[in-house]
Protein chains: 2
Amino acid sequence: MDKDISQAVIGRLPRYLRYLGELKDKNVERISSSELSVLMKVTASQIRQDLNNFGGFGQQGYGYNVDYLYSEISKILGLEHQYNFIIIGAGNLGKALGGYLNFEKRGFMLKGMFDKAPELIGTEVRGVKVMPMEELPSFIRNNNIDIAVLTIPKEGAVPVSKVLVDNGIRAIWNFAHVDLDLPEYVQVENVHLSDSLMKLSYNISSYNENNGGK
Amino acid sequence: MDKDISQAVIGRLPRYLRYLGELKDKNVERISSSELSVLMKVTASQIRQDLNNFGGFGQQGYGYNVDYLYSEISKILGLEHQYNFIIIGAGNLGKALGGYLNFEKRGFMLKGMFDKAPELIGTEVRGVKVMPMEELPSFIRNNNIDIAVLTIPKEGAVPVSKVLVDNGIRAIWNFAHVDLDLPEYVQVENVHLSDSLMKLSYNISSYNENNGGK
DNA sequence: GTAGAATTGACAATATTTTAACATAAGTTG
DNA sequence: CAACTTATGTTAAAATATTGTCAATTCTAC
């Protein structure tokens with residue numbers, strides 16, 4: 001059904017959703033692409049073009065209904081589904097993500113956590129126990145897990161990702177600092193925090209060089 | 001000096017650096033753009049084009065010297081500097097980032113953590129004490145802080161970012177789920193984790209729709 | 001209800017990014 | 001050391017993405 005929407009467009013949808021959510025909270029009923037473009041600091045053309053990839057959600061002479069557009073974008077992003085997820089790696093980052101309540105509001109339900117460190121087994125995050133890695137395969141198969149979050153050091157990430165996929169996982173949110181090499185039917189979203197920090201570093205240096213700073 | 005390098009190019013540099021680091025570890029001395037393109041699953045053209053934004057680092061008939069290219073990209077990214085950073089928000093995510101030792105290897109030194117919750121004041125991450133927000137302005141001014149990492153809920157992020165900038169901060173790594181509106185001389189790198197998760201959600205739904213899945 | 005204002009969706013025009021092609025320079029082999 | 005191979009840097013072409021324009025439609029006010 002879907003043609004091929006570019007990832008650049010997909011990448012902007014969550015931001016639209018965020019602004020529309022804020023407008024909803026302020027009980028704003030309707031908004032035009034040009035008003036929204038001022039708020040978001042993008043062109044009105046881009047907003048209209050992005051939305052029209054998915055259909056015509058607006059009305060000429062009126063603009064867009066905030067509630068309606070919000071719910072349509074939610075649907076596009078697949079947020080009306082409920083997803084079960086597990087976290088592999090119960091270190092600080094794993095615990096931080098597991099403890100983040102807002103994910104649950106969006107339909108992402110934490111079902112289990114895993115770690116190989118014996119001292120972490122049995123500890124809890126929001127009532128979810130950390131289990132040993134040995135239990136991972138059977139747990140995935142028996143609990144309808146949609147998404148695995150990988151928060152382990154890069155050394156273990158590739159082999160663990162293969163175990164995940166072998167047991168039926170089709171989506172991985174990867175925080176390990178390595179690229180996973182998996183079949184095309186597995187959706188992988190990488191969050192490489194060091195890369196992001198290096199980008200910041202570049203922009204600091206580059207700004208300083210161009211402005212005679214230190 | 002620098003012309004205007006697109007952020008798309010900058011965004012790819014850390015990945016090049018990562019692969020070159022791995023090659024260094026394996027004592028590979030030289031590599032051609034086409035060999036690297038196979039490893040990284042990008043076109044050789046893109047690699048050459050990206051690098052030539054910054055100068056000619058290779059040699060015809062030979063390729064690129066791995067050590068040399070690694071160090072050049074490091075310089076481009078500003079990683080030969082040392083940066084002092086602080087973390088605002090000592091929750092799970094703040095602690096996770098504060099505890100991440102690899103940042104220090106890259107020259108990012110954790111100098112302080114701040115939180116408004118009284119029960120967190122005085123706790124430590126790697127020997128760095130969590131301080132109350134009241135001490136933030138003077139601490140920034142007296143300790144040569146380059147980067148502030150924002151790991152607080154979105155409600156507080158905008159006002160706190162203004163305090164940071166008023167006291168001399170020129171770079172923010174923003175994990176709060178809100179866009180900061182700051183002067184152009186402040187470099188902001190956003191990490192919107194929910195946005196990333198929504199992208200994954202989209203790709204799951206979209207794949208399923210196009211392949212007759214659930 | 002009619003005239004004028006507002007605003008979309010579609011399309012056209014730009015701009016940017018990515019990929020391909022190739023002349024040129026350096027390395028390699030016999 | 002000459003012929004051949006390799007592989008860059010650069011320029012050109014193709015593909016994508018963004019922005020601008022405008023006819024058509026709906027809203028709004030009188």
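Below, chains carry the letters A, B, ... as their sequence lines are ordered, and counting in each starts from 1. The shown structure was predicted, so the numbers you read here are calculated from the model rather than taken from an experiment.
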query: Quick one, which residues of residues 37-48 of chain B touch DNA chain D with a heavy atom under 4.0 Å?
result: B:Arg48
task: May I have the distance from B:Glu29 (atom CD) to C:dG27 (atom P), rounded to whole angstrom?
output: 13 Å
field: Presence of B:Asn52 side-chain N/O under 4.0 Å of D:dT10 phosphate oxygens OP1/OP2
entry: yes
message: In whole Å, I'd like the distance from the CG atom of B:Asp50 to the P atom of D:dT8.
response: 14 Å
Nearest-Å distance for atom pair CG/P, residues A:Leu69 and C:dT8: 11 Å
query: Quick one: A:Phe54 CZ to C:dG9 P, roughly how many Å, whole number?
result: 14 Å
task: Answer yes or no: does atom NZ of A:Lys116 have more than 12 heavy-atom neighbours from other residues, nucleotides or ligands under 6.0 Å?
output: no
- prompt: Separation of B:Leu51 atom CG from D:dA7 atom P, in whole Å?
  reply: 16 Å
- prompt: Which residues satisfy the salt bridge (Lys or Arg N to Asp or Glu O under 4.0 Å) test with A:Glu35, sequence neighbours excluded?
  reply: none
- prompt: Got a sec, which residues hit ring pair (Phe, Tyr, Trp, His ring centres under 6.0 Å) with A:Tyr16, two or more places apart in sequence or on another chain?
  reply: none
message: So for B:Gln60 and D:dT8, does any side-chain atom that can act as donor or acceptor lie under 3.5 Å from a complementary atom in the base?
response: yes
query: Would you call B:Lys41 and A:Asp179 a salt bridge, using N to O less than 4.0 angstrom?
result: no
query: For A:Gly98, does its backbone N or O pair with a side-chain atom of A:Arg126 as donor and acceptor, under 3.5 Å?
result: yes
message: At 4.0 Å (heavy atoms only), tell me whether B:Ser34 reaches a base, stays on the sugar-phosphate, or touches nothing.
response: nothing
- request: Nearest whole angstrom, please: distance from the C1' of D:dT16 to the CD1 of A:Ile10.
  value: 15 Å
statement: Atom CD1 of B:Ile5 and atom P of C:dT16 are separated, to the nearest Å, by 14 Å
query: Within the pair A:Ser6 and D:dT16, is there a side-chain N or O less than 4.0 Å away from OP1 or OP2?
result: no
- prompt: Does any donor-acceptor pair link the side chain of B:Gln59 with the base of C:dA26 at a separation under 3.5 Å?
  reply: no
- prompt: Quick check, are the ring centers of B:Tyr83 and B:Phe108 under 6.0 angstrom apart?
  reply: yes
- prompt: Starting at CZ of B:Phe57 and ending at P of D:dT8, how long is that distance when rounded to a whole Å?
  reply: 14 Å
Pairing of A:Lys75 and A:Glu80 as salt bridge, 4.0 angstrom limit: no
field: B:Gly55 or A:Tyr62, whichever maps to the more 5' nucleotide of DNA chain D
entry: B:Gly55
- request: Could you pick out which residue, B:Ile31 or B:Gln49, lies toward the 5' side of DNA chain D when each is mapped onto its nearest nucleotide?
  value: B:Ile31
